[in-house]
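Order of the sequence lines fixes the chain letters, A, B, ..., with proteins taken first and strands second; residue numbering starts at 1 for each chain.
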Amino acid sequence: MNNSVSIRDLSLSFGAVKVLQNMNLDIRDGEFLVLLGSSGCGKSTLLNCIAGLLEPTDGQIFIKGRNVTWEEPKDRGIGMVFQSYALYPQMTVEKNLSFGLRVAKVPKEDIQRRIARAADILQIQPLLKRKPAELSGGQRQRVAIGRALVRDVDVFLFDEPLSNLDAKLRSELRVEIKRLHHSLKNTMIYVTHDQIEALTLADRIAIMKSGVIQQLDDPVTIYNRPVNLFVAGFIGSPSMNFLHGELVEEGGRTVFKTHGVSFSLDGYEAEGALTPGRKVVLGVRPEHIHVDNHQAGAEMHDAVVDIEEPMGADNLLWLKHAGHTMSVRTGGAKRFAPGTKLQMSFDMSVASLFDAETEERI
Amino acid sequence: MNNSVSIRDLSLSFGAVKVLQNMNLDIRDGEFLVLLGSSGCGKSTLLNCIAGLLEPTDGQIFIKGRNVTWEEPKDRGIGMVFQSYALYPQMTVEKNLSFGLRVAKVPKEDIQRRIARAADILQIQPLLKRKPAELSGGQRQRVAIGRALVRDVDVFLFDEPLSNLDAKLRSELRVEIKRLHHSLKNTMIYVTHDQIEALTLADRIAIMKSGVIQQLDDPVTIYNRPVNLFVAGFIGSPSMNFLHGELVEEGGRTVFKTHGVSFSLDGYEAEGALTPGRKVVLGVRPEHIHVDNHQAGAEMHDAVVDIEEPMGADNLLWLKHAGHTMSVRTGGAKRFAPGTKLQMSFDMSVASLFDAETEERI
Amino acid sequence: MTGLAPAKRPNQLFRNLTAKIASIPMILIALGIFLGGSLWTVVYSFTNSKLLPRATFVGFDQFERLWASSRWIISIQNLAIYGILSLIFSMVIGFLLAALMDQKIRFENTFRTIFLYPFALSFIVTGLVWQWILNPEFGVQGIVRSLGWESFTFDPLYNPDIVIYGILIAGLWQGTGLVMCLMLAGLRGIDEDIWKAARVDGIPMWRTYLFIVIPMMRPVFITTLVIIASGIVKVYDLVVAQTSGGPGNASEVPAKYVYDYMFQAQNLGQGFAASTMMLLTVAIIIIPWAYLEFGGKKRG
Amino acid sequence: ADLEVTHWWTSGGEAAAVAEFAKAFDATGNKWVDGAIAGGGSTARPIMISRITGGDPMGATQFNHGRQAQELVEAGLMRDLTDVAEKGNWKEVIKPASLLDSCTIDGRIYCVPVNIHSWQWLWLNNEAFEKAGVAVPKDWNEFVAAGPKLKEAGIHPLALGGQPWQANGLFDTLLLALGGKELHEKVYVEKDAEAAAGPEVAKIFEAAAQARELSIGTNVQDWNQATNMVITGKAAGQVMGDWAQGEFQIAGKVAGKDYSCLPGLGVSQYITTGGDAFYFPVLKDEEGSKAQDALAEVLVAPETQVAFNLKKGSLPIRGDVDLASANDCMKKGLEIVAQGNALTSTDQLLSPDSQSQKQDLMTEFFSSTSMTPEAAQERFAEIISSAD
Amino acid sequence: MANISTLNTTAAGFDAVSDQVASGPRGRKPRRVLSARNIMLYGTLFVAALYYLLPLYVMVVTSLKGMPEVRMGNIFAPPMEITFEPWVKAWAEACTGLNCDGLSRGFWNSVRILIPSVVVSIAVASVSGYSLANWRFKGSELFFSILIIGAFIPYQVMIYPVVIALRELGVYGTLTGLVIVHTIFGMPILTLLFRNYFASLPVELFKAARIDGAGFWQIYFRIMLPMALPIFVVAMILQVTGIWNDFLFGVVFTRPDVYPMTVQLNNIVNSVQGVKEYNVNMAATLLTGAVPLIVYFLSGRLFVRGIAAGAVKG
Ligand SMILES: Nc1ncnc2c1ncn2[C@@H]1O[C@H](COP(=O)(O)OP(=O)(O)OP(=O)(O)O)[C@@H](O)[C@H]1O
Ligand SMILES: Nc1ncnc2c1ncn2[C@@H]1O[C@H](COP(=O)(O)OP(=O)(O)OP(=O)(O)O)[C@@H](O)[C@H]1O
Ligand SMILES: [Mg+2]
Ligand SMILES: [Mg+2]
């Protein structure tokens, strides 16, 4: 049995609202799975179902091959970390960590040992005697992780654990969680709507929309070969540029044409047939557009700088081109004033082409 | 008169707590100034003083050359946008926008005209009849901006307007605010603790710490030439790598030495004297470390990959090197498994050197 | 995938059994006392029970008599006047006081204690004091007259036309403190930024309160409403302590009618009929509201 | 054994009288546990009824003599005292016999009458009349005539408390005194609605309207506060039962000298005899029951009767006791009873429910001049027609 | 761009306003103590305070006067001769029926009734509120709605059913019975407050505790209770006030040897012996009100905080 968590035909409705619909999902042992999706798509609901905090309307949940659909949260071998930390405010950190163990009547020395280990891993030994109110956000979240850690569980569930923290702390804790996963090798299911977190942490990402999983793949595949328009637009910040147009036969080759400008599709690995006349959407990521940088064989197009956003390490340009506004990522060193005219080229090998109707990848 | 807002010797205390201390600040007409700093450093307090919502303990505030220290908020020619939107929940969007104007007995047609303009700029025409509860976070924030917009003010104040939104919306609204500034050319003062916002939006950034401005400069300067350790560590994500060591005379040149490894300082533009023996901190940004990429004359150092974080467009590597852990940003294409041994070099021309004691840039 | 055997949904009755067991007192009280007692009352309102409940049914006789009784009509009128005025005034005064207290004033604690202390005193007690202060001979009227305004009249408890207002004065005195506390709590819960936004918009204080803050305090108003309104419907001590329903029957209230007919006149049937009418009125008002407020929406 | 006795006798004279009972009862080796509830019957009655129906009854409880306890008896909750009564030969000694009759249900005796109260008294403050310059009236008509003079002198002619039963009692007194025995019996015994609507009763309502006029401005609630107005000379007279006498006594006033009393309002020589009685709920324990018997005996015993009634200002229930120490007023009352001019009181004739309705009417009538005698009489006739 | 980390020195445009620096408003705007706003504010509060204090003043002043002075009729005049006799009499000498030991007789009874009634009623209501907020089950909202309607039923109407219920339970006339009665009638409002309070606590805490394996009671006692202090104070104040001042249940559901203080108070106030002894009445009143007042004073601040938490979330 190499599946740690399996979900079969899971459905959940709140009254008339169907939040999850017939979901199937297998999470491998030791895998770090990230559930990514916009607000209200049902990520927390799914996590709560796995944790046993919500009762599914239909379907089954297996953890380590055991059917836990109707079991109590505590018997499922899971630990959970919440966005708002959910530390017990009146207890010290130590008490917070040991609460579950004391409830379960684990022997004293055993509790001590486990707390020491968790404190060690998370480097919170100096905080053990403090109360949550006396901790910073990052420390609180570490304690919250510790609470799951001491329970020695098979599966860790994280519900947007970092979204209450500021950017700096977020990136720090992200690394720590990743490191934790490397050393513990537990199965982890991690809910977020921050794609940087998803891309950096995940072994596989499940992208959800209205209670349905759109794509379940490793980050690189998701980033470079999104299966549909939704996934493509959802992942990547600033998001992929979409150009609506159609496929046209030109000079014996099929090219993409929009607003009278045609783009060669050389280098694009199509999955379906590139039949001329098909209405399609071409998606290109900002970093796959090159400006003023003649590459071998690249086709150049004119554009005008609309806005420039320096982001430290690199620069974001908003270009106007044939009725589209496109974002382009360039190196941080070069600056472009608004109004500058320049030339750009697309890297077609990592572009995406979608059917305009089905929105599926071609 | 080219100063829009001038602050002279401003101090503010809450009881015994001195929040702002003798602050002086001049904001040019039409400038986009971002106040950046960690939580509790006094950003909101300063903004509230400018808005007239808090009374300074001492000092003066000028807006458009007029001393407004004792004036009511409404008479200062300012508009303000809050993190929590602060929309009037029971009024429609239209009412929210017009309430202040109606109170001020602005003629009906005038109100209509201004609302139409604001709605046009912010693209919220379809929302005018809705109530705040029926809007998404981004739409609410747009309405909140609209409320400042209709008042036709000289100075816009933003207090972390985007921090309640999710990453995607945040980046969209960021662009909109920038565009708004381009078209309105008002003075804008913008508080945030998100550095991406600061870097992308600001004409100038004021970095604050405990009520004192540390550095006031344009984003590029702040990013590349931070004046002290605090600013250097605060800006940039993942943050600058700091190596503690000292200056040593080696082969006739002053080099930086840490844990027995020495780094050449060739290319570094020092402001002070690089006297050997001085204890210093070397700061290098992740994107200024190059791995496995022999550059002309670059000095190579051995390192081991600890963790790899793919972030879509690029990769973040955490390297172990001589007792330090360093983050390095590489292109998204190449992957490095943990444990990989590689070589790295620093780009000294954009590195920073700080005195270990005073923490000031050398 | 083998071995993933489906499991059957366990009996819903036994899910979270402890919670259900722990709720038994509440369920018993709700069903056994409040619902059961109400039904019992309604059933016996159709009997001619005298001193003891007796199941001899007489149809609507008791109700006919009830509605023919001028005392009952007066009682209802009084309750309507008292109830509406008391609701309005205690809300308005409570809110005004809370708004004043919210101006970052000095001695807030002292003022709050002063306004709240009447709530700690029982009406057996305070009725007497008010009876006294409102006594024309040695109360306020007497004092004012002795100061020279000979024609000054202020004798609410002794004038049948205005006696209910006299009772209102004491009722407000006792109850507004609590309302003020509730309102103050509500005001403190309003987002600080709303105030700032209103100030930047140049909206005067009173308009901010009226058009922005009050609509935001809906939940507080609802809790307050339940507490005040339940007190109003049950008003009895206040009247007995001050006027015993007098002068004449000018200050009678329904709860007193019920009580007097049950125990004084020993006509339980009549008392039950009156209380059935009260229950009916309350139910007509409350049930739709309670359904909207507590039954309609769900929380996660 | 300890016996809890509930009653609402808490005013000065009443409490002193109860103490006599307690003293006598304690002397039998039992103990009187006092459960006084101030505020009159309406406060105390729900407590008593709840306690009895709740299965945790007190040992004995005061009730107004009348039909109030009938249902409790029928429900078997009250102790049958027939044995005690036979032993004490109550049938012979208790006078008038109507007192015991109202304790008798289906031939069994369930209560112990302890005193006779009569309602039909006009109490006058002699000094007040002196001050107003009129002679102390000899009957109701003279009293009414003196009204204007009294008012001139700044004295309220008639004190009337706000409690509903006071207005009701005043009316019944007027009806008996001015209308005579036949009218009283026609209306209250036969419940003759025609008579109630007739001209004779109309005259009574006229008189009541006069009384209403005289009582304007007496803003007190309790009966003894009204009595106190008479005692202190703020008011000239009060129509009140013989219990008012106890208040005069406590205030150290002397009958005949400081105050006058006119039974039957000085017009007719009839009084009604109502009064208080003690009931004994069925107790589960043997000892308690024995103590109940002992208390029942004590209550009727001649010595206790004398001691109690002297303090209470009411008449004893037995004709065979010596009331030498009784004052003027009491003697007048005793005489009337001895002549056999004692009639059954309305409390016994009407159900509490009908009484309450009548009471509501009278309260309304006496409290506001806007109700005409005719309108009041119409409603009065209605109540009588449906009375039980 | 030059490094301008030290901003106190010259910056662009400084000169433009430098001439205004000397003049013009500076620092905090001066406020007159007697501004129109302050006069209005404190004036209104002061007048309101007078209205609330007047009865208390009358009570205190009267309770310190002798009867002759009281009879003179000016209830607002301060006592010419202060006497504590009324207090002594109210506490230890006033008679009801045959017992002349004043309020002291009922005081301890009241305490004996108060403590278990407050504890039990709050315990039951808080558990119910907690269950309603966190452990919803089918019909729980219906029961709650019935409770809320129950808040509007006059107590008197319910006396008979309650008497019957207690009789059937065999606890009529015992302290247990009285405690049950207070629990029943305190239930609606208290449950409302507790439910709202617990609903306002973050759900995640509850979820976390469930994952930690804590059950219904463990979550209640170890997680919820320690966080619910403010609302407990509110509930305590409401119940102490209500139960201490209760008269009806105190007499209907007990026997004379355990009658609460209010029965004595009622007897003192309602037994009129000639002229009412107003001074004793007032002293008795103040003595009876003392306990709730003390409880209130001791918990004033928590009270407002608790009310806030319990009431604001609907
Ligand atoms: N108790 C509930 N009753 C009714 N609807 C609910 C309840 N809880 C959640 N929902 C609805 O279910 C949907 C999914 O909610 P869920 O909390 O799973 O979203 P999410 O993906 O976690 O969003 P977020 O990123 O905002 O946390 C939402 O539309 C929400 O409105
Ligand atoms: N009303 C007040 N009374 C006392 N201290 C206050 C008050 N308001 C703010 N402070 C203190 O002043 C300091 C600055 O607060 P301020 O709100 O300006 O911080 P900030 O920089 O806006 O932080 P954040 O990023 O969290 O919004 C903080 O330490 C805060 O505790
Ligand atoms: Mg969620
Ligand atoms: Mg702030």
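Scanning residues 87-95 of chain B against chain C with a 4.5 Å non-hydrogen threshold yields L87(B), Y88(B), P89(B), Q90(B), M91(B), sorted by number. Residues of residues 107-127 of chain B lying under 4.5 angstrom from chain C, judged on non-hydrogen atoms, do not exist. Contacts between residues 72-80 of chain B and chain C, defined by a heavy-atom separation under 4.5 Å, are made by E72(B), P73(B), K74(B), I78(B), G79(B), M80(B).
A 6.0 Å sphere centred on OH of Y209(C) holds more than 12 heavy atoms belonging to other residues, nucleotides or ligands. Within 6.0 Å of CZ in F89(C) there are 12 or fewer heavy atoms belonging to other residues, nucleotides or ligands.
Chosen from Q83(B), R151(B), R147(B), R102(B), the residue pairing most often with chain C at heavy-atom distances under 4.5 Å is R151(B).
With values rounded to the nearest 0.5 angstrom, K196(C) atom NZ is found 11.5 Å from L157(B) atom CG.
F99(B) places a side-chain heavy atom less than 4.5 Å from the side chain of I212(C). Contact annotation: the side chain of V103(B) never approaches that of D201(C) to less than 4.5 Å [non-hydrogen atoms, C-beta and beyond].
Annotation: ring-ring contact (aromatic ring centres under 6.0 Å, His included) contacts of F34(C) (sequence neighbours excluded): none.
When atom types are taken as modelled, the side chain of R199(C) and the backbone of G52(B) share a donor-acceptor pair closer than 3.5 angstrom.
D159(B) does not touch chain C: none of its heavy atoms, backbone or side chain, sits under 4.5 Å away.
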